[in-house]
2 protein chains.
Amino acid sequence: MMLKPREKQRQRAPSKRSLQTRERILDAAEMVFSDRGFEGASIRDIAALAGVQGALVHHHGGSKEELFFTTVARRADALSQLRLDALDARKASGPLDLRSVLACFLEPFLHKVFHGGSHWRAYGRLIAHVSADMRWREISAACFDPTVEVFLQELADLLPHATRQKIGSSFVFTVSSMLSICASRWRIESLAGETETDEIIETLLDFCEAGFASIRKPGPAL
Amino acid sequence: MMLKPREKQRQRAPSKRSLQTRERILDAAEMVFSDRGFEGASIRDIAALAGVQGALVHHHGGSKEELFFTTVARRADALSQLRLDALDARKASGPLDLRSVLACFLEPFLHKVFHGGSHWRAYGRLIAHVSADMRWREISAACFDPTVEVFLQELADLLPHATRQKIGSSFVFTVSSMLSICASRWRIESLAGETETDEIIETLLDFCEAGFASIRKPGPAL
DNA sequence: GTCTATAATGAGATAGAC
DNA sequence: GTCTATCTCATTATAGAC
């Protein structure tokens with residue numbers, strides 16, 4: 001599999017119209033991929049939603065796998081920057097604690113997902129797909145792991161006696177819980193009843209903060 | 001969608017050979033569905049893995065959707081019984097606490113996934129697919145929610161001041177974290193390094209117990 | 001860059017012999 | 001109950017006109 005979106009060296013800068021088409025295609029791909037997963041999505045549906053012909057999707061997006069990668073990568077840098085900026089801002093206003101570090105990772109994402117429009121809402125579900133399927137581990141490694149490493153280091157500083165295993169595992173639990181709000185919100189509604197978004201987010205922060213704080217305790221509660 | 005595996009009233013009890021074939025087909029379906037998801041799996045691959053012809057898969061499993069439902073449902077009762085038995089046993093030996101309740105839900109599943117052979121390992125990933133896709137919410141409701149309700153009630157008894165919203169949301173976080181060990185173990189290994197299975201399970205229990213216990217505390221830490 | 005048309009493949013499902 | 005053979009449809013991808 002070729003993950004890198006192919007770099008057929010462009011002769012000319014693409015026209016403005018071309019760029020708009022490309023964005024429309026990526027918007028449509030984001031919707032369809034997030035709704036139905038990689039296999040369930042069809043190029044035809046993406047083309048129809050974008051209002052273009054199927055051949056044009058291939059022209060701008062390459063193969064289906066390349067298109068998927070490009071779709072995920074498109075917002076990844078912006079998301080990472082939001083997270084790192086939040087972390088810097090929090091650092092500037094005093095010493096960090098567990099909750100602050102987790103909030104700087106979780107809140108920029110959840111804010112975009114719930115208040116950033118339908119594109120970001122779809123992007124949240126898209127990332128849930130990526131995170132649950134080993135097939136896309138290269139995408140996770142390329143798009144998200146560098147930022148995750150920064151946060152893991154901050155957590156390690158706050159939990160000097162914790163092993164990397166415990167911190168890493170707990171972080172995956174945190175990310176899974178965060179993504180469950182995107183992909184399994186229906187399940188939350190089904191089990192917990194109608195619930196305010198902001199309340200879920202606060203519950204998530206409470207839950208994960210306490211989970212990490214429990215690493216500090218000496219041993220298993222006996 | 002017709003979720004119930006069709007009940008074409010059988011004239012005769014199926015032969016032993018027929019039942020074996022049926023099990024082989026379900027075993028194969030379990031493998032292929034869990035590996036590639038519903039859309040990514042093909043009846044042909046399932047048939048090939050089972051060593052039968054494609055037509056036979058339809059004969060025993062019905063449509064692809066019916067086959068998927070049957071595959072998930074096959075082990076669901078056994079799993080529920082393990083969980084409820086564990087809960088009864090723990091109740092018999094003294095008053096319950098948060099960790100015990102969570103352990104009775106998480107450990108039977110994780111024990112089977114990691115020590116129950118390749119079938120259960122596949123089944124774990126299969127449930128992760130079901131849990132992440134709204135399309136299968138009827139399966140979750142039919143196969144898992146009744147048992148989940150029992151555990152939610154136990155948790156509510158231990159957390160008398162908690163809202164159903166907080167308990168339900170936290171439970172979904174717990175389930176998501178549990179399933180991440182099945183579907184995203186590669187991510188844990190990537191971020192946390194090589195990690196013993198039993199250590200991950202203990203970290204999970206610590207994490208979720210602390211998460212639930214945090215509901216007791218008066219308000220957000222300010 | 002964008003379109004039409006089509007190639008090439010693989011999918012789910014079924015009919016009917018045995 | 002199991003097999004062979006086939007139907008029908010949707011898929012990704014590309015060739016080539018404009």
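So you know, we letter chains A, B, ... as the sequences are listed, proteins then strands, and number each from 1.
- Summarising the geometry, the separation between NZ on A:Lys16 and P on C:dG1 is reported as 16 Å, rounded to the nearest angstrom.
- Pairs of residues two or more places apart, or lying in two chains, that qualify as salt bridge (charged side-chain N to carboxylate O under 4.0 Å, His left out) and include a residue from residues 139-155 of chain B are A:Arg187-B:Asp145, B:Lys91-B:Glu154, B:Glu149-B:Arg164.
- A:Arg121 and A:Ser34 share no side-chain donor-acceptor pair at under 3.5 Å.
- Within 6.0 Å of CG on B:Asp85 lie more than 12 heavy atoms contributed by other residues, nucleotides or ligands.
- Using a distance-only test at 3.5 Å, with no hydrogens or angles considered, no donor-acceptor pair links the side chain of A:Ser169 to the main chain of A:Lys166.
- Checked by atom type, the side-chain pair A:Ser42/A:Asp45 shows a donor-acceptor distance below 3.5 Å.
- Between A:Phe33 and A:Phe38, the angle of the ring planes stays under 30°, which puts this pair in the parallel group of the 30/60° scheme.
- Ion pairing between a basic and an acidic side chain is recognised when a charged N comes within 4.0 Å of a carboxylate O; B:Arg135 and B:Glu39 show such pairing.
- Heavy-atom distances under 4.0 Å link DNA chain D to no residue of residues 27-37 of chain B.
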Treat primed atoms plus P, OP1 and OP2 as sugar-phosphate and everything else as base, then score nucleotides 2-18 of chain C 5' to 3': B for base contact with protein heavy atoms under 4.0 Å, S for sugar-phosphate contact only, - for none.
BBB------BBBBB---
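- Remark: A:Arg74 engages A:Glu23 in a salt bridge, criterion side-chain N to carboxylate O under 4.0 Å.
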